[in-house]
Every structure is written in C-alpha cells, then in structure tokens.
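So the structure is just underneath, and the comments pick up after that.
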Amino acid sequence: MIRKPVSRLLIFFVLLVGLGACKDKAATIPATPIARVEQMTSKLPATADSVIVVGDLEKMRSTFNVLKTRLPDTGVVDSVQKQIQATFGIDLLDGESWKRAGLAPNTSAVGAIHRGRVLVMLYVENRQNFEKVLVEKSKSAFGIEAVTKTEKIGKHQLKVLSDDPASQIAWVYDGKLAIVSLPALSNQASLEEGSATLVLGEVVNNDKGKVTLWSDPGFQGFRKALIDQYPVALYLNPKAHLNSDAAKAELEKDPRARAAAEWAAKNVTFLGTGLKAEGDQARVQAYAGLVPELLKMIDEAKKIEGKSAWDSYATEKMMLGARVSLNFEKAYELFTTSMPEEESRGIRRNLKMIGEGMGVDFETDIIKQLAGHAGLFFYGVAGGNPMALMAGMNDPMQAFRSLGLMVVLKFKSAEAVDGLVAKVVTSGKATVRP
C-alpha cells in the first residue's frame with residue numbers, strides 16, 4: 001500500500017537535488033556510490049517510510065535521457081523539464097547545468113519520508129552558495145518570510161527557516177553531507193510528529209544505539225537486490241505503511257485486505273523498484289523481499305524434474321500464451337501455510353466444495369498429481385467474432401466455450417489422468433469422446 005506522500009517525496013527531492021555545490025576542502029566525499037549510500041542511510045532511522053536512493057547521479061541522468069527518448073509523447077517530458085528549469089534553474093538531464101547550479105554532478109543523493117516530513121541528503125562543496133539557493137527557493141516555494149536562525153541540538157548546529165512548525169525547514173552538515181528537513185506533508189503531521197528541528201535532531205543523533213536504515217536487514221536485502229545494480233531505486237517499508245493511521249482506517253473496512261496486510265507485515269521485509277538504462281532501453285524491476293523461511297519454501301517449490309515441449313500448442317495461430325514450471329504441491333503448501341489461518345481455511349474449504357461438485361478431491365487428485373509444468377494458450381474467439389462473448393453473457397459457460405482457450409497440465413502419470421477423468425465423468429459434469 002503506497003500512500004500519496006510518496007509522490008510528494010519525488011517533487012521535494014527534485015527541488016533539493018538541484019541545490020548545492022562546493023569548494024570546502026576540509027572534508028571528503030566517499031569515493032564509491034555504495035560508500036556514499038552507506039553514509040547517508042546510516043543517518044536515517046530504520047522506521048523511515050519510503051526512501052529514494054540515487055547511488056550514481058551521472059547514471060541517473062543517462063537513464064532519464066534514455067527514458068525520455070523511449071516515451072511515446074516527449075512533448076509532456078519537455079514541458080515538465082522546462083518548467084523545472086524555469087523554477088529551479090537546473091536542467092535535470094544536463095550535467096553542465098548541474099555544475100552551473102552548484103551541484104557536484106557525479107555523487108549520490110537520498111530522499112526519504114520520515115515522521116511526516118521529507119528529508120533530503122546530498123553532498124555540497126560551498127555552504128554559502130548552497131544556503132543562498134536553499135533559502136531563496138524555499139521562501140518562494142513555501143511562502144516563508146522568516147529569517148534563518150541557528151539552534152543547537154547536542155553537538156550539532158542546526159539552521160532553521162520559519163517559526164511555523166508546519167512550514168519549518170531545518171538543515172545541518174556532517175562534513176560535506178547536508179541533511180535537510182522540509183516542511184511537514186500536512187498540518188496533522190506537524191502537530192503529531194513534531195517540528196523540523198525535532199525530526200532532524202533525531203536523525204543527527206541516530207548514532208546512539210538506535211537501529212539505522214543501513215543496518216536494517218530489510219534495507220540490506222533491498223541494497224543487494226536493487227541498489228547494487230540500479231542507479232535509481234525506491235524503497236518502501238511495509239510495516240511503516242501498514243502501521244499508519246490511514247492504512248489502519250482503510251483495513252478496518254475490508255477484512256480480506258486486512259488479512260493480506262497481516263500476511264505482508266509478517267512475511268514481506270521490503271518492497272522496491274529499480275530503474276536503469278541498458279543501451280537504448282530503460283529497465284524497470286520491482287522486487288519484494290521475503291523472510292528467510294518463505295524464501296526456503298520458494299526455493300523448494302522451484303525444484304522440478306523433466307521438461308515439457310510446448311511446440312504443438314504454441315503454434316503461429318496462437319494469440320497469447322503463458323507457461324510455468326513449478327512444484328505445485330509445494331507451492332500450494334507455501335501459499336496456504338504462510339497465509340493467516342482464517343484465510344487458509346477458507347481457501348481449503350472452497351476448493352473442497354468445488355471438488356465435491358466435480359466428484360474429485362482437489363488436493364489429492366489434482367494438486368498432488370501435477371508434474372510441475374503447466375501452460376495456458378489463447379487462440380482467439382470462436383469465428384473470430386468478439387461479439388460472441390457479448391451474446392453469451394447470460395450464459396457464462398457458453399461464453400467460455402466461445403473462447404479458443406486451452407489449458408495444458410502435465411501429470412505425474414497416465415494413471416493419474418485416467419483416474420481424474422473417470423471421477424469427473426462419473427459425477428456427470430463432463431463426457432468423454434474418442
């Protein structure tokens with residue numbers, strides 16, 4: 001479940017990514033993308049809702065340039081790009097523009113949603129120029145009229161803009177790393193989660209025995225699956241989203257959704273998406289991290305013997321085809337045992353009722369007898385007339401018969417097929433012809 005503030009994270013991230021650049025020689029920027037990501041995410045609490053990780057800004061620009069060329073309507077992209085350049089003074093797809101805006105163009109950046117605020121981390125070389133642009137753009141974007149003040153939290157000097165808790169902006173430096181807390185995503189968030197200085201103070205003091213995002217097992221799974229291969233990656237923390245008041249209110253209305261959410265909270269460690277360029281193609285990958293017990297069961301479910309030849313089904317007249325190779329017995333066990341008990345019982349009960357109507361036991365006569373190979377092949381609508389489907393809407397079975405649909409299942413033995421057919425025929429639900 002992805003909440004609307006995630007889209008705001010993208011907007012605010014664009015605002016700050018075009019802001020800094022520097023000449024300070026006192027500190028150094030980590031040399032590799034993963035070292036920079038480690039430094040930044042080690043500042044964030046593990047409870048962060050969502051995180052955008054740009055490990056390599058140069059590759060991000062090349063990826064977005066490829067994506068722009070692959071989209072069917074580049075006019076929309078050009079319009080958005082020009083609007084950003086007019087508002088923030090930077091062309092997101094041009095490295096030279098980043099340099100002129102003061103940003104070191106080949107480092108990394110992180111944007112996160114935490115406690116109702118957007119946090120942005122990036123490397124700057126000239127704090128004076130960075131703050132000049134930050135203050136000017138923030139005042140314009142958020143209607144702030146207050147002057148910049150300085151507050152001390154622990155050993156850190158925070159700079160604060162605005163006295164209004166909702167529109168307050170605060171930032172702090174750790175060497176060349178700037179950490180900025182933007183205005184609250186809502187007035188409610190500012191009241192319930194605290195001011196920008198409070199949220200930022202939690203981040204800069206997050207080295208006192210607290211679990212950081214970098215040390216969180218779910219984030220480490222996300223890193224291995226996506227950050228190491230994709231210059232741009234989005235991390236979602238399922239527990240943080242499911243524990244939000246908005247999510248709880250929605251789940252209370254829908255028992256099935258609540259059961260699915262409970263399953264996700266128990267078994268899903270993270271949700272993520274990665275984006276990168278491959279030649280003249282843009283590649284997007286979605287990934288869900290699962291607990292080790294579930295991964296072990298999935299690995300077992302993927303172990304099957306033998307092969308199936310699909311040539312006789314996947315002919316040139318086929319419109320659409322899908323095939324899968326899986327240990328269906330273990331996959332069924334995985335599916336039912338990992339679900340909440342009530343949902344698992346409901347699925348077994350429904351399969352039993354359907355099976356009784358056909359004179360078979362679904363688990364014994366079908367699932368346990370499958371060899372692990374299945375295919376679904378669609379050849380079109382009978383007579384080539386889609387209206388045949390509409391004509392049969394009052395008779396679902398007739399509509400189904402008008403589909404040129406073939407399901408192919410490979411069983412462990414011919415005897416298993418003969419036994420299943422005999423039971424279905426005996427029940428009167430089907431007939432067999434030579």
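In what follows, every heavy atom counts, from backbone to side chain, and hydrogens, waters and symmetry copies are set aside.
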Applying side chain to side chain donor-acceptor pair (under 3.5 Å) to Gln157 and not counting sequence neighbours gives none
The criterion is side chain to side chain donor-acceptor pair (under 3.5 Å); which residues satisfy it with Gln39, sequence neighbours excluded?
Tyr123
Please say whether more than 12 non-hydrogen atoms of neighbouring residues, nucleotides or ligands are located less than 6.0 Å from CZ in Phe378.
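Counting other residues, nucleotides and ligands, CZ of Phe378 exceeds 12 neighbours.
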Any idea which heavy atoms bring [X] and [Y] closest together, and the distance?
X      : Y      : result
Glu202 : Pro45  : OE2-CG, 3.8 Å
Ile144 : Ser167 : CD1-O, 3.4 Å
Ala416 : Phe411 : CB-CD2, 4.2 Å

Strictly by side chain to side chain donor-acceptor pair (under 3.5 Å), give each pair with a member in residues 287-298 just once, sequence neighbours left out.
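Passing the test, one end in residues 287-298: no pairs.
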Test: Lys302 and Glu300 ion pair at under 4.0 Å
no
Show the atom names and distances, to 0.1 Å, of all donor-acceptor pairs under 3.5 Å that link a side chain in residues 325-333 to residues at least two apart or in another chain.
unit_1: Ser325; atom_1: OG; unit_2: His373; atom_2: ND1; d: 3.0
unit_1: Asn327; atom_1: OD1; unit_2: Glu329; atom_2: N; d: 3.3
unit_1: Asn327; atom_1: OD1; unit_2: Lys330; atom_2: N; d: 3.0
unit_1: Tyr332; atom_1: OH; unit_2: Glu363; atom_2: OE2; d: 2.8

Could you please spell out the steps behind the side chain to side chain donor-acceptor pair (under 3.5 Å) verdict for Arg348 and Thr336?
CA-CA 8 Å; Arg348 293 178 183 273; Thr336 53; 3.0 Å; yes
Among residues two or more places apart or on two chains, list those pairs meeting salt bridge (Lys or Arg N to Asp or Glu O under 4.0 Å) that have a residue in residues 213-225.
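Every salt bridge (Lys or Arg N to Asp or Glu O under 4.0 Å) pair that includes a residue of residues 213-225, provided the two are not neighbours, is Arg223-Asp228.
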Mind checking salt bridge (charged side-chain N to carboxylate O under 4.0 Å, His left out) for Lys159 and listing every partner two or more places apart, or none if nothing turns up?
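Testing Lys159 for salt bridge (charged side-chain N to carboxylate O under 4.0 Å, His left out), a comparison that skips the adjacent residues, returns Glu131.
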